[in-house]
Amino acid sequence: MGEYKIPGQLQEFVTDNTIVVRSPGRINLIGEHTDYNEGFVLPAAIDKAVYVTIEKIEGAKLYLHSIDFNESAEVELADIKPVFGHWSTYILGVVDQFLQKGQTVPGFKLGIYGNVPLGAGLSSSAAIECAVAFALNELLQSGFSRKELALIAQAAEHKYAGVKCGIMDQFASLFGKKDHVIRLDCRSLEYEYFPLELGEYEIVLFDTMVKHTLASSEYNIRRSQCEEGVMLIGQNYPSVHSLRDATVEMVNECIGEFETAHRRCKFVVEENIRLQEGCTDLLNGNVEAFGKKMFATHEGLSKEYEVSCKELDYLVSYVKNNPDVIGARMMGGGFGGCTINIIQKDAVEGLVSKLTEAYAQNMGRELKYYLVSIEDGTTIIKS
Ligand code: ADP
Ligand code: MG
């Protein structure tokens with residue numbers, strides 16, 4: 001460690017007594033809509049992160065300052081409650097969890113700065129929660145493990161952001177490892193690292209710059225379609241408690257006559273298989289084979305699970321037959337956000353400029369893009 005530096009923007013907050021923590025955003029290489037089906041995901045922490053400075057002070061007040069919003073907030077420890085829609089809520093949510101766990105929290109001064117794009121699907125919110133949780137754990141010497149901190153951060157997101165997320169984002173931020181992906185079992189929280197040796201390739205995200213309002217209602221519908229599938233399979237195979245336990249044969253046999261539920265469940269089962277096979281590709285250093293699976297995932301998400309949108313489909317189909325792009329798919333819940341692409345390094349610049357023009361012409365929007373590298377998870381950069 002020690003290779004991550006305190007960003008200049010936060011320097012003015014740093015004294016001898018300040019703790020500084022970095023916690024990254026994340027990507028997910030493969031494994032979409034598998035988490036709530038107790039399956040696997042394959043995230044990685046990235047080079048874009050949130051940085052937090054924290055220092056104990058006298059009294060029972062919290063002084064919070066956001067560099068990016070150029071705004072301060074003062075909160076009495078006794079008065080902590082959610083401030084939905086405000087950046088401070090993620091910090092307060094974590095403090096609330098520490099209090100709930102019986103920790104004595106003193107007054108403190110906290111500064112926050114980050115370069116994870118907000119709301120682009122890179123989980124800047126999880127990055128804040130994990131940075132604050134890690135910093136408090138150090139300040140109070142609470143002794144929580146990384147796994148416990150991930151659960152604290154997730155609970156903060158549930159209660160103080162009102163987002164009922166799974167554990168992946170917080171887990172990836174805390175457990176990330178440079179140049180590795182994390183295969184996380186969403187049922188047991190067991191995990192294993194796999195090397196992602198990109199060589200001549202680079203990961204590039206293309207941001208559709210749209211977020212269709214369908215996202216949350218359709219999400220709930222997908223969840224219930226999966227539950228319906230599990231119920232039908234369970235009638236013949238009582239050992240199946242989630243789609244994680246099912247095979248394609250079971251799906252065909254038990255749900256075959258329910259066309260929509262069949263397509264949904266088949267996607268989830270196949271996505272888990274793709275992820276496992278993708279990990280073997282990574283062990284073999286075969287990133288091209290891995291990339292092909294990303295295209296297959298996109299096809300499934302678009303046609304079978306039906307959570308894509310025309311902007312995401314446009315970005316993936318644009319690169320699909322380009323030999324410099326070995327893998328691409330929509331990333332995240334769907335109906336907007338980014339695509340994740342694995343692209344030959346030398347070809348990135350040319351592709352970005354052509355695609356930007358084509359996207360504006362055909363989708364009527366400005367395209368944004370982010371180059372990402374895979375970095376370590378949450379670290380203390382000064383204690
Ligand atoms: P995502 O997690 O996908 O990036 P969210 O809507 O869940 O999007 O979280 C974004 C919110 O997190 C922002 O609106 C802001 O309140 C907070 N946030 C993210 N990064 C920062 C930052 N650097 N400083 C302060 N608040 C931030
Ligand atoms: Mg978020």
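All ligand and atom numbering here is 1-based and tracks the order in the structure. Everything numeric here is computed off the predicted structure, so don't read it as measured data.
No donor-acceptor contact under 3.5 angstrom links the side chains of Q225 and T260, judged on distance only. In this model, no donor atom of one side chain and acceptor atom of the other lie less than 3.5 Å apart for E32 and Y305. T15 and T18 are linked by a side-chain donor-acceptor pair at a separation below 3.5 angstrom, with hydrogens and angles left out of the test. For the residue pair Q97 and Y160, no side-chain donor N or O sits within less than 3.5 Å of a side-chain acceptor on the partner. In the model, S142 has a side-chain atom that pairs as donor or acceptor with a side-chain atom of Q103 under 3.5 Å. Side chains of S145 and E148: a donor on one and an acceptor on the other come within 3.5 Å. No side-chain N or O of S383 forms a donor-acceptor pair with one of E138 less than 3.5 Å apart. Counted by atom type alone, S308 and D313 present one or more donor-acceptor pairs between their side chains at under 3.5 Å.
Interface of W87 with ligand 1, defined as ligand atoms under 4.0 Å from a residue heavy atom, comprises 16 (O), 25 (C), 26 (N). Below 4.0 Å from some heavy atom of I128 lie the following atoms of ligand 1, by number and element: 17 (C), 18 (N), 19 (C), 21 (C), 26 (N), 27 (C). Each of the atoms 3 (O) of ligand 1 lies under 4.0 Å from some heavy atom of G121. Near G114, the atoms of ligand 1 lying under 4.0 angstrom from a non-hydrogen atom of the residue are 23 (N).
Counting protein heavy atoms only, atom 7 (O) of ligand 1 is closest to S125 OG, 3.1 Å. Of the protein's heavy atoms, F69 CE1, 3.5 Å lies nearest to atom 25 (C) of ligand 1. Atom 12 (O) of ligand 1 has its closest protein heavy atom at Y90 CE1, 3.5 Å.
Contact annotation for T89 and ligand 1: no heavy atom of the residue comes within less than 4.0 Å of the ligand.
No N or O atom of G85 sits closer than 3.5 Å to an N or O atom of ligand 1. Here's the thing with E157: none of its N/O atoms is less than 3.5 angstrom from an N/O atom of ligand 1. For ligand 1, the polar-atom distance check against S124 finds a nitrogen or oxygen pair separated by under 3.5 Å.
Close placement of the Y219 and Y36 rings is indicated, their centers lying within 6.0 Å of each other.
Distances from ligand 1 to the non-hydrogen atoms of L118 include at least one value under 4.0 Å.
For atom 22 (C) of ligand 1, the choice among V50, D68, L64 with the nearest heavy atom turns out to be D68.
The Mg ion (ligand 2) has an N, O or S atom of S125 under 2.8 Å away, backbone or side chain.
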